[in-house]
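Atoms within each ligand, like the ligands themselves, are counted from 1 in listed order.
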Amino acid sequence: KICRADFMHAVENDIKPAFGVSKEEFDLYIANGILIWGQAVTDVLEEGHLRISQTIKSEMTPLVSILIEGPPNSGKTALAAHIALLSKFPYLKFCTAQTMLGYTEIAKCQQLKKIFEDAHKSALSCVVVDELESFLEYAPVGPRYSNTVLQTLKLLFKRAPPKGRKLLIIATTSYRDILEQLGLSQSFSKIIHVSNMSSGKHVLHVINEIEHTFNDDEMKHLEKTLNDKKIWIGIKTLLDLIEVARQADDKYRVARFLATLEEVGGPNRRLIQV
Ligand code: ATP
Ligand code: MG
């Protein structure tokens, strides 16, 4: 005979909540893992651990919010998703403006409100808000943005969960200045800076971690050339360059790889990184 206890057991254990998100979906945002290319990465992860335990343990702060900021392609989204997974909280939600394309301001606000209300129902929740500025439809001309969404986010980031429940909010942005001007960065308990790689050693570390990219001779050449170089490049950009080199199969691929690296992240780089 099936009784209420069985039903409750099923609700607790077998049914994935419609509003929560599975681990696999988070993995999509960490497609290439997290490579520890330098102390900067270790520092970010350590801060993440600290904030997770603060969320769990502290009675005084049932709401902990962190803003992960850094240049484009520096790995912010992957780090936010990684920290969320590290928490192992039962309610995990990844919000991106991509899934709200074409929504009216009101619809966006309602969706965000729903996500946070659902989060408040779980004892331990973690909500990732990726590319925070993109929810605001910010445009530098004017400048223009959705004040309705801005006010909604401010309130949601401030509202502590009901008694006995804990919420960790992890947002990301490449536009820290804008969030500061809009008074949104002040909503966070901690701002964590994610850095680009800044030296050839960092780059070599990544190349070494990804096996079967270059042969021994090529590696020797790379080590000699890169070891003492200053290079400014984001992990996402570097992984793209390595992928291109992997696809090529000729004797010029290392030279090409180094030339592109110089172009993108060398002292005369043409791309101005934000
Ligand atoms: P964008 O500015 O376009 O939003 P981003 O800064 O969010 O880019 P990600 O989308 O997180 O960058 O891309 C980082 C990629 O690098 C992911 O595929 C991730 O798996 C990989 N990666 C490897 N090592 C690291 C690391 N130490 N930190 C972050 N990402 C890493
Ligand atoms: Mg991102």
Next item on the list: May I ask you to identify the nearest protein heavy atom to atom 18 (O) of ligand 1, giving residue, atom name and distance to one decimal place in Å?
Entry: N32 ND2, 2.9 Å
Check: Should you measure from each heavy atom of L79, which atoms of ligand 1 turn up under 4.0 Å away?
Finding: 28 (N), 29 (C)
Check: Between T61 and S58, do the side chains contain an N or O donor and an N or O acceptor separated by less than 3.5 Å?
Finding: yes
Next item on the list: Could you tell me whether F94 and F26 have their ring centroids closer than 6.0 angstrom?
Entry: yes
Item checked: Pair E180-R176, salt bridge (charged side-chain N to carboxylate O under 4.0 Å, His left out): steps then yes or no -> CA-CA 6 Å; E180 214 137 283; R176 184 180 167 173; 3.4 Å; yes
Check: Listed by chain and number, what are the side-chain hydrogen bond (donor to acceptor under 3.5 Å, both in side chains) partners of D250, not counting sequence neighbours?
Finding: R256
Check: Mind checking whether H202 and W37 have ring centres under 6.0 Å apart?
Finding: yes
Notebook entry, point to check: the Mg ion (ligand 2): which protein N, O or S atoms are under 2.8 Å away?
Noted result: T77 OG1
Next item on the list: Measure L239 to ligand 1 on non-hydrogen atoms and call it side chain, backbone, both or neither using the 4.0 Å cut-off.
Entry: side chain
Notebook entry, point to check: Counting heavy atoms only, which part of I235 comes closer than 4.0 Å to ligand 1: side chain, backbone, both or neither?
Noted result: side chain
Note to self: Suppose I only count heavy atoms of W37 and a 4.0 Å limit; which atoms of ligand 1 are within that range?
What the structure shows: 27 (N)
Check: Same cluster or not: are I83 and L50 linked, directly or through other Ile, Leu, Val, Met, Phe, Trp or Tyr residues, by side-chain heavy atoms under 4.5 angstrom apart?
Finding: no
Next item on the list: Please write down residue, atom name and distance for the protein heavy atom closest to atom 8 (O) of ligand 1.
Entry: K236 NZ, 3.1 Å
Margin query: Working to the nearest 0.5 angstrom, can you tell me the gap between L79 CG and I30 CD1?
Written below: 8.5 Å
Check: Are side-chain N/O atoms of T173 and E69 paired as donor and acceptor at under 3.5 Å?
Finding: no
Note to self: Students should be able to answer this: which protein heavy-atom is nearest to atom 27 (N) of ligand 1, and at what distance?
What the structure shows: L35 O, 2.7 Å
Checklist line | Any pair counted as side chain to side chain donor-acceptor pair (under 3.5 Å), so long as it reaches residues 151-162, sequence neighbours left out | finding: N147-Q151
Next item on the list: Look at atom 11 (O) of ligand 1 and say which protein heavy atom is nearest, naming residue and atom and giving the distance to 0.1 Å.
Entry: A78 N, 2.7 Å
Check: Can you tell which part of V41 has a heavy atom less than 4.0 Å from ligand 1: side chain, backbone, both or neither?
Finding: side chain
Check: What residues, two or more places apart in sequence or in another chain, satisfy salt bridge (Lys or Arg N to Asp or Glu O under 4.0 Å) together with K108?
Finding: E137
Margin query: Using a 4.0 Å cutoff against the non-hydrogen atoms of P72, which atoms of ligand 1 qualify?
Written below: 2 (O)
Item checked: Nearest non-hydrogen protein atom, atom 14 (C) of ligand 1 -> G75 CA, 3.7 Å
Item checked: Sub-4.0 Å heavy-atom contact, E131 with ligand 1 -> yes
Check: Does a donor on one side chain and an acceptor on the other come within less than 3.5 Å for T96 and D130?
Finding: no
Next item on the list: Provide the number and element of each atom of ligand 1 under 4.0 Å from a heavy atom of N73.
Entry: 1 (P), 2 (O), 3 (O), 6 (O), 8 (O)
Checklist line | Pairwise side-chain contact, V203 with L261, heavy-atom cut-off 4.5 Å (strictly under) | finding: yes
Notebook entry, point to check: Closest non-hydrogen protein atom to atom 7 (O) of ligand 1, residue and atom name please, with distance?
Noted result: T77 OG1, 2.7 Å
Margin query: When you group the ILVMFWY residues by side-chain heavy-atom contacts below 4.5 Å and let the links chain together, are L155 and I106 in the same group?
Written below: no
Margin query: Within ligand 1, which atoms have a heavy atom of G33 less than 4.0 Å away?
Written below: 19 (C), 20 (O), 21 (C), 22 (N), 23 (C), 24 (N), 25 (C), 31 (C)
